[in-house]
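Worksheet: one structure, shown below.
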Amino acid sequence: MLYIISSVAGGGKSTLISKILERHPSIHFSISFTSRPIRKNDEPGINYHFVSKTEFEKLIKEDFFFEYALVHDNYYGTPKKFIEEEIAKGNKVILDIDVQGFRIIKNKFDDLISIFILPPSEEVWIARLKNRGTDNEEVIEKRIKNGRDELKAVNEYDFRIINDKLETAVDELEKILFLKEDRIQRIINEF
Ligand code: 5GP
C-alpha cells in the first residue's frame, strides 16, 4: 500500500512524517531525488538524494522515476525501483510528494491512500513559513502563492489532517495508516 502525503510548504508535514517513522520502523519512506539546492537542515541520502538539474534530466530519459514534477522551479521525483520493490514485499510506503505527483500516481496506481496535511489557519501557516528561517522573502511569497493553489486540491485526497497539535496529528495519521483495508475502502466510498 502506498500512502501519499501532501501539504502546503510549512504545513508541518516533514515533522509529522518523521514522528510516525520513529513510532513505526516497519513503515518505509520513499526518499525522493531533487535538483533543488541543499538547505541547512537537509540530510543528503536521508530526506532527499540531491542531484544536479542535468543529472535529474538524464534520469528522466532513463525512465528512472515513478513520477516526477517541477515544484517551485526545481525537479522532484520518486524513484521507480524502490517503489516497485517495496510493493512487491507488501510493505507500507509513505511518499511525501506534491499535488502534481499525487495526480500522476492516482492515474496509474490503485492501491493508494492519500492524505493532505493542513495548517490550522492561514495566519499560523504564514507565520510558520516566515519563522522557518530557510527561505528569503521572495521564496516565501512564491510558496504562499503556490500553497494557495495547492489548497484547491484538498478535496481530491481521501483524508485531511489539521496539523494544530503535533501529537494529535501524529495519532490521526497513525489511525489512517493502520485502518483495516475494508474500512478504508468504506471511508473512501463515503467521501
Ligand atoms: P521541499 O523542497 O520544501 O522539501 O519540498 C517542496 C515540495 O516538493 C513539497 O510539496 C514536497 O512534498 C514535494 N516533493 C518532494 N519530493 C517529491 C517527489 O518525489 N515528487 C513530487 N512530485 N513532489 C515532491
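Quick note: residue numbers are just sequence positions, from 1. For the numbers below, each heavy atom of this structure counts, side chains included, while hydrogens, waters and symmetry mates do not. Only a predicted model underlies this, so the values are computations on that prediction, with no experimental measurement involved.
Ion pairing between a basic and an acidic side chain is recognised when a charged N comes within 4.0 Å of a carboxylate O; Glu57 and Lys61 show no such pairing. Salt-bridge check for Glu156 with Lys106: failed, with every basic side-chain N at 4.0 Å or more from each acidic carboxylate O. A salt bridge between Glu62 and Lys81 is absent, with no side-chain N of the basic residue lying under 4.0 Å from a carboxylate O of the acidic one.
Closest of all the heavy-atom pairs between Ile97 and Gly101 is CD1-C, 3.5 Å.
With rounding to the nearest 0.5 Å, the separation of CD in Glu172 from CG in Leu16 is 9.0 Å. Between atom CZ of residue Arg36 and atom CG of residue Asp73 there is a gap of 13.0 Å, rounded to the nearest 0.5 Å. To the nearest 0.5 Å, atoms CD1 (Ile115) and CG (Leu173) are separated by 5.5 Å. How far CG of Leu59 is from NZ of Lys80: 12.0 Å, rounded to the nearest 0.5 Å. Distance check, rounded to the nearest 0.5 Å: CG of Asp98 to CZ of Arg103 gives 9.0 Å.
The shortest distance between side-chain heavy atoms of Ile20 and Phe29 does not fall below 4.5 Å. Residues Lys13 and Asp96 are in side-chain contact: their nearest non-hydrogen atoms beyond the backbone lie under 4.5 Å apart. Within the 4.5 Å cutoff, no side-chain heavy atoms of Asn163 are placed close to those of Leu118. For the pair Ile4 and Ile113, the minimum side-chain heavy-atom distance is 4.5 Å or more. Tyr3 has its side chain out of reach of Leu112: every pair of non-hydrogen atoms, C-beta onward, lies at least 4.5 Å apart. Using a 4.5 Å heavy-atom cutoff, the side chains of Asn155 and Arg160 are in contact.
Other residues, nucleotides and ligands place no more than 12 heavy atoms under 6.0 Å from the NZ atom of Lys19. Shown here is Glu43, whose CD atom has no more than 12 heavy atoms of other residues, nucleotides or ligands within 6.0 Å. Counted within 6.0 Å of NZ on Lys165, heavy atoms from surrounding residues, nucleotides or ligands total 12 or fewer; the atom is thus considered open. Atom CD of Glu138 is surrounded by 12 or fewer heavy atoms from other residues, nucleotides or ligands within 6.0 Å.
Centroid-to-centroid, the aromatic rings of Phe33 and Tyr68 stay 6.0 Å apart or farther.
Classified by interplanar angle (parallel below 30°, tilted 30° to 60°, perpendicular above 60°), the ring pair Phe178/His24 is tilted. Aromatic ring pairs are classed by plane angle as parallel below 30°, tilted from 30° to 60° and perpendicular above 60°; the pair Phe65 and Phe56 is parallel.
Other members of the hydrophobic cluster containing Ile38, listed by chain and number, are Tyr48, Phe50, Val71, Tyr76; membership follows side-chain contacts under 4.5 Å among ILVMFWY residues, whether direct or relayed. Hydrophobic cluster membership for Val139: none, as no Ile, Leu, Val, Met, Phe, Trp or Tyr side chain comes under 4.5 Å of it.
Checked by atom type and distance alone, the side chain of Trp125 never pairs as donor or acceptor with a backbone atom of Ile144 at under 3.5 Å. For the pair Asp42 (side chain) and Arg39 (backbone), a donor-acceptor distance under 3.5 Å is present.
Side-chain contact of Ser52 with Glu55: a donor-acceptor pair under 3.5 Å is present, judged by distance alone. When only modelled atom types and interatomic distance are considered, Thr34 and Tyr75 share no side-chain donor-acceptor pair under 3.5 Å. Judged purely by distance below 3.5 Å, without hydrogens or angles, the side chains of Asp158 and Ser114 pair a donor atom with an acceptor atom.
Follow the hydrophobic side-chain contacts under 4.5 Å out from Val8 and you never reach Leu70; the two are in separate clusters. Linking Ile, Leu, Val, Met, Phe, Trp and Tyr whenever their side-chain heavy atoms come within less than 4.5 Å puts Leu129 and Val154 in one cluster.
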